[in-house]
Amino acid sequence: MKRYIAVIAVVLLILTLFTGCGNGSGKRIVRISHVQSETHPIHLGLLALEKYVEERIGDRYDVQIFPNELLGAQVKTVELCQTGAIDFTVASIAIMESFDNIYEIFNLPYLFDNEEHYHAVMEDESITKPIYTSTDESGFEAVAWYDAGTRNFYTVKKEIKTPEDLKGLKIRVQQSATNVRMMELFNAAATPMSFGEVYTALQQNVIDGAENNELAIVNNKHGEVAKKYSYNKHQMVPDILIGNIKFLDSLNDGDREVFEQAFDISSKVQRENWVKAVDEAKKEAEKMGVVFSYPDTEPFRKQVLPLHKEVLEKNEKLKKIYDAIEKKREELKSSNGQS
Ligand code: GCU
């Protein structure tokens, strides 16, 4: 019976997706995919986008959000967005480097000093715009960013206190060559896979650990298996909302304006909910028996810092952006009276 219902659900989904049925009103269905649960700040941000659009131009647009990898893992949905099979998807910037290598910049470990630096860069259009539009010719561009916190290691057995503890461990990373290289510098064995595969991989000892923000521990239940979470803080990699260019270009000026405002609102709502969600996730994780530890981050940083030079030398697009990020760091330091 369950299987029967599942088959029907899939058939209905395919019908809705590719023929537009299920909506006899003639409205344009706008499909947005993401990999998180319905309580995740990204889903809340997208609900705000849906509400904003539908309250204004809902007579013509029906925004539909597909959470939980329902339409596929991130790399797949970026491809769907590229071809126009769906209109928008949320992706971690980590996987975007295989679509345009300008995105490698955000995979550099210890790129930002702290949240303030990270947010200031993401809010500076002169830095982000050339990156967001780099994929225009491939059929899509980024229209908003979402906070995905700080990535840290978490493991099933061995607690990560120093970089040496990572030696020989199999650690899941996102599908990104830069992340694989980072793990090589940590002397660990990088195991790239999509987000949805991580829980089972942890459970079946295919991997010894993974790296992510605190929400993965609770929302994706990784903390049921991996109980040792160590704040080594190696990356702050944002998520982005990307949109199909043909769809965006098909909008008249008024509709485009509504969508643009909705993108900003989704970003704002997501980030307002982020801080709260991380606090709650930590409390929840502790109840699950997850132990948080706070190692000295400096030895971790030292070990992977050569990656900056290595990547910058190979990819000449990055120097300008890297310098702008450095400049932002200096500006913040002097405005905070630190220099
Ligand atoms: C975070 C991020 C996701 C990403 C995931 C991952 O949850 O927000 O966009 O898919 O990490 O590690 O795959």
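We count ligands from 1, going down the list as the structure has it; atoms in each ligand are counted the same way. Please read all numbers here as calculations on a predicted model, not as lab measurements.
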Original post:
Under the 6.0 Å and 45° cation-pi test, does Lys221 pair with Tyr199?
Top reply: no

Subject >> Ionic contact status for Glu298 with Arg301, cut-off 4.0 Å >> reply: yes

Original post:
Does the side chain of Tyr110 pick up a donor-acceptor pair with the side chain of His234 at under 3.5 Å?
Top reply: no

Original post:
Closest non-hydrogen protein atom to atom 13 (O) of ligand 1, residue and atom name please, with distance?
Top reply: Arg172 NH2, 2.9 Å

Original post:
Is Glu55 paired with Lys51 through a side-chain N to carboxylate O contact shorter than 4.0 Å?
Top reply: yes

Original post:
Identify the closest protein heavy atom to atom 10 (O) of ligand 1: which residue and atom is it, and at what distance?
Top reply: Gln74 NE2, 3.0 Å

**OP:** May I ask you to identify the nearest protein heavy atom to atom 7 (O) of ligand 1, giving residue, atom name and distance to one decimal place in Å?
**Re:** Gln36 NE2, 3.1 Å

Subject >> For Gln174, atoms of ligand 1 separated by under 4.0 Å from a heavy atom >> reply: 4 (C), 6 (C), 10 (O), 12 (O), 13 (O)

**OP:** For the residue pair Tyr231 and Tyr294, categorise the inter-ring angle as parallel (less than 30°), tilted (30 to 60°) or perpendicular (more than 60°).
**Re:** parallel

**OP:** Report yes or no: does a heavy atom of Arg151 sit under 4.0 Å from some atom of ligand 1?
**Re:** yes

Original post:
What's the shortest distance from atom 1 (C) of ligand 1 to any protein heavy atom, and which residue and atom give it?
Top reply: Asn212 OD1, 3.4 Å

Original post:
What protein heavy atom sits nearest atom 8 (O) of ligand 1, and how far off is it?
Top reply: Asp239 OD2, 2.5 Å

Original post:
Counting N and O atoms only, with roles assigned by atom type, does the side chain of Arg172 sit under 3.5 Å from a partner on the main chain of Gly209, one being a donor and the other an acceptor?
Top reply: no

